[in-house]
Each structure stands twice: as structure tokens, then as C-alpha cells.
Number of protein chains: 2
Amino acid sequence: MSPPGEESCIPTDEALERPSTRDRILDVALELFVQSGFDGTSLRVIAERLGITKAALYYYFASKDDMLMALHMRVHEFGREAITSMGDEPVTLEAWSELVRGVMDQMMAQRKLFLLHERNQAAIEKLHRQQHMEAHEDLESNFRKILSDSRVPLHDRVRMAGAFGVVFACLFLSGDAFASVANEELRALVHDAVEAILKR
Amino acid sequence: MSPPGEESCIPTDEALERPSTRDRILDVALELFVQSGFDGTSLRVIAERLGITKAALYYYFASKDDMLMALHMRVHEFGREAITSMGDEPVTLEAWSELVRGVMDQMMAQRKLFLLHERNQAAIEKLHRQQHMEAHEDLESNFRKILSDSRVPLHDRVRMAGAFGVVFACLFLSGDAFASVANEELRALVHDAVEAILKR
DNA sequence: GTCTATATTTCGATAGAC
DNA sequence: GTCTATCGAAATATAGAC
């Protein structure tokens with residue numbers, strides 16, 4: 001009993017601790033949700049890959065949706081600071097360039113988490129509806145809100161959306177076309193392209 | 001009996017004919033697959049919205065997958081000419097600009113069809129696996145093949161991917177942020193942004 | 001914490017009348 | 001072409017022993 005929620009990570013014995021069962025479940029779930037989609041992944045295969053049974057999963061998660069929610073929350077942490085750093089004043093192209101660069105770094109570091117969102121939009125939106133998460137403040141809704149800010153010239157907003165699209169296309173839409181390119185080299189090339197689109 | 005396949009459209013009586021039941025089914029399915037995802041849409045709700053029963057759907061389609069496949073094929077027609085127009089010689093930035101412009105027009109005209117693909121990648125990939133569609137020649141696989149062509153400088157390939165991302169972000173990732181903008185105005189602004197990224 | 005066993009539901013699909 | 005009725009499969013989720 002007393003199923004563990006999102007426990008605070010108090011390192012009891014230095015950096016010796018292996019990932020908890022809960023985290024191992026989430027790692028496997030993330031892998032499979034990206035590969036086969038949320039709906040295409042049954043609890044049975046998740047359990048099988050972990051070497052446990054379906055029922056054991058329910059000790060850690062109240063439902064399958066709960067797993068998706070836990071993974072969804074992981075992404076939030078990243079987007080939060082980046083987005084909230086922009087206040088309510090109109091965004092400038094220079095500030096946007098800075099933001100896009102930061103988001104790109106996070107996307108490269110947490111590739112799978114962002115792929116999860118790209119490939120399971122329907123399932124995640126369903127979650128949002130069920131849990132009445134109104135003022136949810138996630139990355140893409142804030143992204144869209146900024147792009148709707150009529151105080152910023154339309155020309156600039158299109159460039160801002162486009163700059164983000166450059167990153168998105170190079171990291172995700174391109175599949176593994178750039179997989180053989182070193183991270184630093186790709187980062188520099190993408191950043192130059194972003195600059196080209198945001199420069200006046 | 002004799003369930004109708006993809007019939008050739010011989011206009012029997014001028015432009016008088018209303019959409020066939022088969023097409024009405026596909027229209028509703030497209031709407032719902034985009035809204036709730038393929039897996040999140042049951043045949044029951046499709047039938048209900050059409051005012052018929054589940055069983056009636058099977059007169060027109062052999063399976064639910066068959067519906068998705070029919071919609072998938074609709075997109076193919078668009079991408080084909082655009083992609084096959086580029087032969088096997090290395091793509092230039094100028095040719096790519098032309099191609100991106102054409103794809104953008106098709107995306108604006110057939111928005112829902114492209115949304116279907118963006119939001120149901122997992123389901124469509126599963127289709128491809130089951131039907132062993134190897135040399136499938138669809139839009140995104142050709143897109144990725146071109147971006148992997150090592151005869152083109154990496155710098156240019158990143159720009160090409162980015163240019164496509166600009167379109168993608170402005171039309172899809174931005175949601176309805178640009179919904180109030182006239183098509184022609186948006187088209188011009190996006191194209192300028194694409195030019196900025198493809199210009200040497 | 002993990003198991004076996006089972007309840008419950010929903011969905012895709014089929015059979016056959018009309 | 002569309003219906004009623006039903007099948008069979010697979011999934012999520014629960015109960016309770018260990």
C-alpha cells in the first residue's frame with residue numbers, strides 16, 4: 001500500500017541509487033509511446049519488457065492515463081522557465097532568437113520527450129479535457145498566445161513562428177536525415193538559419 | 001453486394017451529383033480522425049454522425065484501417081508530382097524554393113488531409129508495416145531522402161529542411177494564431193520568410 | 001511489491017434478414 | 001444498402017493471496 005507519487009529525490013546514499021521501478025516504468029513507457037503511439041501500446045507489452053506483470057504497474061500508477069500524465073509533466077519543467085521569462089510586454093525578435101536557442105537545446109537534450117508530444121497530440125489533448133486543465137500554461141499554448149499578440153507586427157510574428165519551425169523541422173520532421181551530423185555542428189547550422197529568418 | 005472500390009468519377013449527369021455515401025463517410029472520418037485521432041475514434045461515432053449504423057460502413061469499407069488507407073491515398077496524389085518532378089540530380093536551393101511554394105499551396109488547400117497525417121503518424125506507420133509498402137514514395141520519405149543526399153552541402157540541406165519547417169510552423173504548429181489573416185497575405189509573408197532562409 | 005485470476009467494457013467485425 | 005443481433009478479441013482495471 002501507500003503507492004508512491006512523485007517522490008522528492010533525496011539521495012540516501014550518494015549517487016549510488018539506481019533508477020526506481022517507477023522511473024524504469026516511465027522510461028519503457030516513453031520508449032514505446034514514441035515508437036507505437038499511446039493507443040498502440042498496451043500495458044501488457046510494457047509489463048513484459050520490464051519482466052513484471054500488468055497488475056504490478058497499478059501499484060505505481062492509478063491508470064494508463066496516469067502514466068502519460070507523468071511523462072507529460074516531465075516536459076513541462078523545461079518549457080516553463082523559458083516561456084515565463086517572457087513577461088507580458090511584446091516580444092522582440094532578439095528576445096525570440098534567445099528563446100528559440102534555449103528551446104532547441106532542451107529539445108536536443110530531451111528528444112524523446114518532445115517526440116512523445118509530437119506523436120501523441122490526440123491522447124494528450126484528451127487528457128487535458130478530462131482533467132479540466134484550463135490555465136495549463138504549457139509550451140505550445142504559450143507559444144501560440146505569443147504568436148497571436150497583435151501588438152507585434154504580423155511580419156515579425158510570421159518570422160517568429162518560422163524560426164521555431166526551422167528548429168522543429170531539423171530536429172524532428174527530418175527524421176534521421178541529420179542523425180550522422182555532430183550535435184554541435186547541427187546546432188550551429190540551425191542557429192544560423194534561425195538568425196537568417198529573424199534578422200531585419 | 002459488389003462493394004464499390006475507388007470508382008472512376010464519370011460525371012453521369014453534369015455537375016448535378018451530390019457526394020456519394022462513400023465520400024460522405026470519408027469526410028466524417030477525416031473530421032473525427034483529425035479531432036480525436038484514429039484510435040480515439042470508434043466506428044460507432046462515425047456511424048452516428050452519419051445517421052446510419054456501424055454495420056452499414058462495412059458495405060463501403062472492408063475495415064477501419066481501410067478507411068484510413070483511403071484517406072491516406074488522397075494525400076499521395078498531391079505530393080507525387082511535386083516530388084517526382086525532382087529527378088535524381090542534386091537539388092538546388094532555387095528548385096527547392098519552387099517546390100516548397102507548391103507544397104505550401106497544397107497544404108493550404110487540403111489542410112485537413114495534412115493534419116490527418118501530422119496527428120496520426122503512429123496509425124499510418126502501422127498501416128505501412130502491415131501492407132509491406134516498401135517503395136512507397138510518399139511525401140515525407142522522399143523529403144527525408146533528399147535531405148540525406150550527401151552530394152548537397154550540409155549547409156544547404158539544413159536550409160532546405162528549415163524552409164519546409166517555416167511553412168509547417170506557420171500553417172500547423174501555430175494552431176489558429178494566423179487564422180484571421182487572409183490566405184494571400186499569409187502566403188506572401190511565409191514565402192518571404194522561406195526566401196530569406198534559402199538565399200545565399 | 002508482485003503475483004494469479006477475473007471482472008468489465010469497448011471495439012472491430014460478421015451473419016443474415018429485409 | 002441498411003438494418004438487428006451477436007461474436008470474439010483485446011484492453012483496462014480490480015480483488016485478494018503471498
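First the proteins, then the strands, lettered A, B, ... as listed; each starts at 1.
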Peer 1: Quick one: which of A:Val181, A:Asp192, A:Val190 gives a side chain to side chain contact (heavy atoms under 4.5 Å, CB included) with B:Val158?
Peer 2: A:Val190
Peer 1: Tell me: CG of B:Leu57 to P of D:dT2, nearest whole Å?
Peer 2: 10 Å
Peer 1: Write down the distance between CD1 (A:Ile52) and C1' (C:dT4), rounded to a whole number of angstrom.
Peer 2: 15 Å
Peer 1: Starting at CD1 of A:Ile25 and ending at C1' of C:dG1, how long is that distance when rounded to a whole Å?
Peer 2: 11 Å
Peer 1: Under 4.0 Å between a Lys/Arg side-chain N and an Asp/Glu carboxylate O for B:Arg74 and B:Asp23?
Peer 2: yes
Peer 1: Check this one for me: any side-chain N or O of A:Tyr59 less than 4.0 Å away from OP1 or OP2 of C:dG1?
Peer 2: yes
Peer 1: Look at B:Thr53 and D:dC3 and indicate whether a side-chain polar atom (N or O) is within less than 4.0 Å of OP1 or OP2.
Peer 2: yes
Peer 1: Nearest heavy atom decides the nucleotide; on that basis, is B:Lys54 or A:Leu43 closer to the 5' end of DNA chain D?
Peer 2: B:Lys54
Peer 1: Take the protein atom CZ of A:Phe61 and the nucleotide atom P of D:dT12, then report the distance between them rounded to whole Å.
Peer 2: 14 Å
Peer 1: Take the protein atom CG of B:Asp39 and the nucleotide atom P of D:dA11, then report the distance between them rounded to whole Å.
Peer 2: 12 Å
Peer 1: Compare side-chain N and O positions of A:Arg44 against OP1 and OP2 of D:dA11 and report whether any pair is under 4.0 Å apart.
Peer 2: yes
Peer 1: Looking only at side-chain N and O atoms, does B:Ser63 come under 4.0 Å of OP1 or OP2 in C:dG12?
Peer 2: no
Peer 1: Rounded to whole Å, how long is the line connecting atom CE of A:Met69 with atom P of D:dT12?
Peer 2: 17 Å
Peer 1: In Å and rounded to the nearest 0.5 Å, what is the CG to CD distance from B:Asp105 to B:Gln110?
Peer 2: 12.0 Å
Peer 1: Has A:Tyr58 got a side-chain N or O lying under 4.0 Å from the OP1 or OP2 atom of D:dA13?
Peer 2: yes
Peer 1: Does B:Phe38 have B:Lys64 sitting over its ring (NZ/CZ under 6.0 Å from centre, angle to axis within 45°)?
Peer 2: yes
Peer 1: Please give me the minimum heavy-atom distance between B:Ala29 and B:Met67, naming the atom from each residue.
Peer 2: CB-SD, 4.3 Å
Peer 1: B:Thr41 near the nucleic acid: base, sugar-phosphate alone, or nothing, with a heavy-atom cut-off under 4.0 Å?
Peer 2: sugar-phosphate
Peer 1: Heavy atoms from C-beta onward define the side chain here; which of C:dG12, C:dT4, D:dT2 lies closest to that of B:Tyr60?
Peer 2: D:dT2
Peer 1: Rounded to the Å, how far apart are A:Lys64 NZ and D:dA13 C1'?
Peer 2: 12 Å
Peer 1: Measure the distance from CE on B:Met67 to C1' on C:dG12 and round it to the nearest whole Å.
Peer 2: 10 Å
